[in-house]
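Lettering of chains follows the sequences in order, A, B, ..., and the numbering in each one begins at 1.
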There are 8 protein chains.
Amino acid sequence: MGQKVGIIMGSDSDLAIMQEAAESLKDFGISYEITVISAHRTPERAFEYARTAEERGLAVIIAGAGGAAHLAGIIAAMTPLPVIGVPILSKSLSGMDSLFSMVQMPKGVPVASVAINGAANAGILAAQILGVSDKSIRNSIKKYKEKMKQEVLEKAKKVEGM
Amino acid sequence: MGQKVGIIMGSDSDLAIMQEAAESLKDFGISYEITVISAHRTPERAFEYARTAEERGLAVIIAGAGGAAHLAGIIAAMTPLPVIGVPILSKSLSGMDSLFSMVQMPKGVPVASVAINGAANAGILAAQILGVSDKSIRNSIKKYKEKMKQEVLEKAKKVEGM
Amino acid sequence: MGQKVGIIMGSDSDLAIMQEAAESLKDFGISYEITVISAHRTPERAFEYARTAEERGLAVIIAGAGGAAHLAGIIAAMTPLPVIGVPILSKSLSGMDSLFSMVQMPKGVPVASVAINGAANAGILAAQILGVSDKSIRNSIKKYKEKMKQEVLEKAKKVEGM
Amino acid sequence: MGQKVGIIMGSDSDLAIMQEAAESLKDFGISYEITVISAHRTPERAFEYARTAEERGLAVIIAGAGGAAHLAGIIAAMTPLPVIGVPILSKSLSGMDSLFSMVQMPKGVPVASVAINGAANAGILAAQILGVSDKSIRNSIKKYKEKMKQEVLEKAKKVEGM
Amino acid sequence: MGQKVGIIMGSDSDLAIMQEAAESLKDFGISYEITVISAHRTPERAFEYARTAEERGLAVIIAGAGGAAHLAGIIAAMTPLPVIGVPILSKSLSGMDSLFSMVQMPKGVPVASVAINGAANAGILAAQILGVSDKSIRNSIKKYKEKMKQEVLEKAKKVEGM
Amino acid sequence: MGQKVGIIMGSDSDLAIMQEAAESLKDFGISYEITVISAHRTPERAFEYARTAEERGLAVIIAGAGGAAHLAGIIAAMTPLPVIGVPILSKSLSGMDSLFSMVQMPKGVPVASVAINGAANAGILAAQILGVSDKSIRNSIKKYKEKMKQEVLEKAKKVEGM
Amino acid sequence: MGQKVGIIMGSDSDLAIMQEAAESLKDFGISYEITVISAHRTPERAFEYARTAEERGLAVIIAGAGGAAHLAGIIAAMTPLPVIGVPILSKSLSGMDSLFSMVQMPKGVPVASVAINGAANAGILAAQILGVSDKSIRNSIKKYKEKMKQEVLEKAKKVEGM
Amino acid sequence: MGQKVGIIMGSDSDLAIMQEAAESLKDFGISYEITVISAHRTPERAFEYARTAEERGLAVIIAGAGGAAHLAGIIAAMTPLPVIGVPILSKSLSGMDSLFSMVQMPKGVPVASVAINGAANAGILAAQILGVSDKSIRNSIKKYKEKMKQEVLEKAKKVEGM
């Protein structure tokens with residue numbers, strides 16, 4: 001059977017960021033596949049990926065891209081699956097280009113955008129989506145939230161003690 | 001049993017926009033509840049809503065707010081459910097305030113942001129999320145995409161014939 | 001034989017603006033076709049359009065879109081023809097979303113962007129491109145520039161005489 | 001008895017900046033407590049902190065956060081105390097996200113925002129607020145302003161002498 | 001004896017907005033004076049106002065201005081009182097000029113900025129500041145927050161009933 | 001006979017970026033000339049260059065500039081040739097100044113803008129323009145697109161294999 | 001003898017704004033000429049104007065333009081006279097395009113920019129420049145400042161009396 | 001007798017930039033004074049400087065400041081002399097705060113803004129202003145422009161020869 005989540009990115013230079021999505025999913029025990037698909041350099045591959053995503057067993061797609069970040073939108077155009085977009089920080093325009101071109105989708109074709117470079121959150125969001133029908137993942141999210149809370153409390157103590 | 005999707009908004013002045021989320025859900029035959037919750041004016045209510053959302057049977061939450069749009073983030077902080085954010089266009093700053101304060105969430109607590117005023121897409125995204133485990137909703141999304149395509153083709157013909 | 005220039009737009013709501021591209025071309029006696037193609041609502045149509053553009057005899061493509069304006073980029077991904085992009089002014093973000101998502105294309109796949117709502121200039125740019133190998137169009141451009149100059153001079157006289 | 005000013009920050013990575021608020025307060029001889037509270041990772045703690053702030057004797061709260069900086073707004077929602085917000089410079093968007101999400105509060109729940117990374121000024125503003133009813137602090141502020149003036153005059157002499 | 005709060009604005013065209021600060025104060029039973037002072041057109045008047053503010057019995061100053069909004073900063077330069085700034089929405093730049101020139105004060109001279117056109121909140125913030133040492137005002141703020149909550153709940157019921 | 005493409009830049013500090021346009025053209029076997037012309041420091045030279053561009057055999061002009069980037073617009077004002085603009089990233093304003101002053105041309109005088117620092121794409125766009133009437137260049141573009149695709153596929157395999 | 005100040009604008013649609021510069025000059029009794037010159041549509045005219053400005057007796061030039069506002073910069077490139085730029089508010093980008101393309105001039109060729117649509121101030125600045133060597137104009141400026149002060153004081157009284 | 005040009009800056013940290021204004025003036029043989037004046041930390045000094053500037057023989061004032069850059073505006077409020085503003089690049093907001101708060105002055109009180117960090121141009125602009133009535137300075141500007149042209153031509157040759 002196929003993987004649950006497909007992680008794709010527009011360029012291998014996005015890997016350092018997008019790896020965090022993979023790590024989030026690993027933490028939740030969710031299987032994933034990861035690859036590079038450029039909406040502009042390999043458009044047929046993007047179409048093929050989107051068109052076959054459902055039948056290959058994917059439940060959610062995470063797409064990261066920077067600049068004129070069309071990848072998530074193009075994938076969303078051709079799949080009924082929820083698509084999560086990760087705007088990658090670009091060298092100019094402070095990431096506004098990546099964010100605006102990812103989130104400002106027209107009526108009918110949503111992309112679920114997370115923060116600029118927020119790939120870890122894209123993984124968590126994918127888990128939350130899968131958790132809608134999977135109690136075990138839902139429980140993992142609750143534990144993750146609890147663990148996160150404990151970490152903040154420890155840091156709080158350190159700061160208080162300074 | 002509770003509704004599938006909770007639609008909330010920071011102010012009743014957001015209703016005209018957020019109504020579109022409800023309409024999207026209605027089109028997909030998905031039950032929803034809709035109400036006003038202000039993260040700043042009714043914080044306890046926001047907490048209560050978020051804390052009980054799962055046990056009340058909600059699967060997805062859609063939160064719309066403008067300006068310093070904290071509602072989606074605060075709800076996301078206290079529920080393991082996926083939270084979709086709709087940045088509402090504000091009078092100043094061209095909607096940048098609403099968008100930035102909704103999407104730029106820290107690691108651990110994602111909000112799935114759609115376009116500024118993109119409430120209709122928030123409804124569709126909720127449907128896509130429910131469609132992960134519900135074949136019937138998945139099929140409705142496919143039909144919706146097909147219908148949308150037909151509408152564009154008809155408009156294309158009109159423009160071509162001009 | 002096919003038309004020289006293909007004018008496409010993401011939505012029929014862009015028609016009022018994109019019509020100006022058609023008028024520019026008409027003024028230069030350049031044949032064109034005009035239609036609606038949505039990268040997100042009719043992706044296959046966009047692919048088909050781009051893939052067959054060259055063989056159908058098109059020399060230049062003009063694509064107008066707003067918001068997450070992916071149309072020009074997606075077309076450019078699949079044709080060796082020069083693609084001119086017209087960012088359409090959006091309701092929020094002052095047109096920054098349309099402009100940034102059109103112009104900030106990655107290495108390898110350029111889009112020739114003109115000003116926000118600058119469809120008339122897209123038509124002129126298409127004429128300039130065709131004028132590279134067509135003396136008659138080149139001469140029309142020179143005449144257009146001369147006429148434009150005369151119009152400014154007349155306006156200048158009016159202002160001077162006030 | 002409790003401290004006069006509560007300094008909180010969304011993450012321990014904000015400490016280097018927020019420490020300057022503490023130093024300002026120390027210079028004015030004002031007691032303070034300092035800790036980490038995340039609106040998103042420890043929402044109950046944020047609520048508890050805000051709800052008990054007055055009874056614990058706090059007079060003013062200073063809250064620093066970056067990105068989708070909700071901390072100050074959420075605290076302000078649940079306390080009648082004046083809340084000062086310090087937008088922390090984020091990696092993307094040049095700090096616009098932090099500033100806009102902190103300052104653009106809706107009617108009824110103000111946050112007193114200072115400059116991006118302006119924690120030292122947050123401390124001074126807290127002193128000015130306490131100085132409204134405390135002559136001794138008021139006098140310290142006057143002396144601080146006088147000292148600041150002398151420092152500028154000395155620097156001016158150095159520059160003039162170059 | 002003098003008034004508690006001084007409301008000033010850079011131009012009488014700011015009056016419609018700044019009036020809301022006065023109304024907030026009236027609701028809390030706080031006395032105020034209101035006038036027009038331009039940092040650029042009446043600089044001596046601005047200096048005089050700032051220099052005598054404390055001795056005339058003012059406790060807090062609220063300053064509204066748009067564009068290159070220097071008024072709050074210049075007043076803050078010459079008084080030990082807390083100064084609240086209201087950036088007034090300008091015709092160009094979406095209010096960014098007013099906000100940035102008000103909030104980005106250098107170390108040593110804070111201005112407590114509220115939202116663009118947020119004059120009502122400036123009045124509430126002034127009340128919160130006075131409430132630090134005045135139990136009666138503190139109680140009024142608590143009541144105001146309670147009333148605000150009730151209003152939201154009523155609106156919520158209306159929306160729920162639709 | 002003259003070169004096909006003229007590459008000009010506002011300052012020799014733009015050379016590192018603009019060199020990429022030259023390299024793109026070399027890859028397509030297109031002849032070019034490259035020089036420095038400042039619209040502001042050598043305006044007569046800019047005029048002379050633009051006025052003689054056509055008769056010297058140039059078919060396309062690529063102009064790179066940063067800040068108040070007027071070069072492309074001024075050249076476009078005086079030649080019927082298509083002019084491609086490369087906004088060079090400036091130290092302040094994240095490149096918005098360069099981009100806006102290049103792309104926002106008035107009706108009648110288009111500049112074909114590519115991405116900030118997108119000089120390589122300017123070269124490719126010039127090739128696409130020449131390819132309108134030159135089958136051999138058209139074929140080179142198709143090969144380039146194919147090669148680009150292969151490179152992405154190889155990178156994709158590496159990422160998949162990690 | 002020629003006029004003292006030359007007022008030029010890129011388009012007659014800028015006249016309503018640029019008229020205010022003329023009115024300012026009239027108030028100071030300074031002679032001026034006013035006309036339309038487009039850097040892009042009538043570049044030779046722009047060059048001719050700039051090159052002959054000094055010998056025709058002009059002392060200062062005021063240039064207004066919107067969008068890719070190159071007029072002031074191009075004029076400044078070819079005259080030793082001080083050039084004042086008035087960025088005209090554009091339909092998109094909130095005037096950022098006009099302002100950035102006018103003010104961000106490279107080293108060696110300054111443009112003295114005033115506020116977006118600030119033509120009245122351009123006239124006053126021209127008067128201040130002429131006032132450097134003309135006592136009578138200097139005195140007029142002093143009187144203007146005094147009159148402006150009185151007008152604010154009258155408005156202040158009205159507001160105080162409300 | 002006093003100096004011709006007064007160079008002031010809001011902080012000695014602006015010196016590295018503002019020194020370039022001094023160097024420009026030196027190149028033109030124009031006498032100047034240079035010092036630090038903070039509108040916010042030494043407001044009386046700013047007032048005193050502005051009020052006595054004319055009688056001390058200054059003809060032009062150059063004021064550099066960053067962030068909420070009020071210095072130029074406050075000086076301009078109290079002198080009939082032309083005031084040139086240099087927005088200093090700030091750590092956040094890409095210099096937009098410095099630029100907007102300097103250039104967006106209200107009607108009646110212009111500041112002649114140059115580019116962000118454009119202190120060299122401020123010096124040249126001051127020379128152009130003095131050149132209105134001083135033939136010798138006017139001639140120096142012409143020579144400067146000629147020299148600048150030669151430098152570009154030499155750089156052009158180098159680039160052409162590569």
(message) I need the residue from D/Pro106, D/Ala65, D/Gly10 with the largest number of non-hydrogen atom pairs under 4.5 Å to chain B.
(response) D/Pro106
Any donor-acceptor pairs between chain D and chain B, under 3.5 Å? If so, list them.
from     : atom 1 : to       : atom 2 : distance (Å)
B/Arg41  : NE     : D/Lys107 : O      : 3.0
B/Arg41  : NH2    : D/Lys107 : O      : 2.8
B/Ala68  : N      : D/Gln104 : O      : 2.9
B/His70  : NE2    : D/Ser101 : O      : 2.7
B/Ser92  : OG     : D/Gln104 : NE2    : 3.4
B/Asp97  : OD2    : D/Gln104 : NE2    : 3.0
B/Ser101 : O      : D/His70  : NE2    : 2.8
B/Gln104 : O      : D/Ala68  : N      : 2.9
B/Gln104 : NE2    : D/Ser92  : OG     : 3.4
B/Gln104 : NE2    : D/Asp97  : OD2    : 3.0
B/Lys107 : O      : D/Arg41  : NE     : 3.0
B/Lys107 : O      : D/Arg41  : NH2    : 2.8

(request) Kindly give the heavy-atom pair with the smallest separation between D/Pro43 and B/Ala77, and that separation in Å. (result) CG-O, 3.7 Å
(request) Sort D/Ala76 into side chain, backbone, both or neither according to what part of it lies under 4.5 angstrom from a heavy atom of chain B. (result) neither
(request) Please state whether the side chain, the backbone, both or neither of D/Ala69 comes within less than 4.5 Å of a heavy atom of chain B. (result) backbone
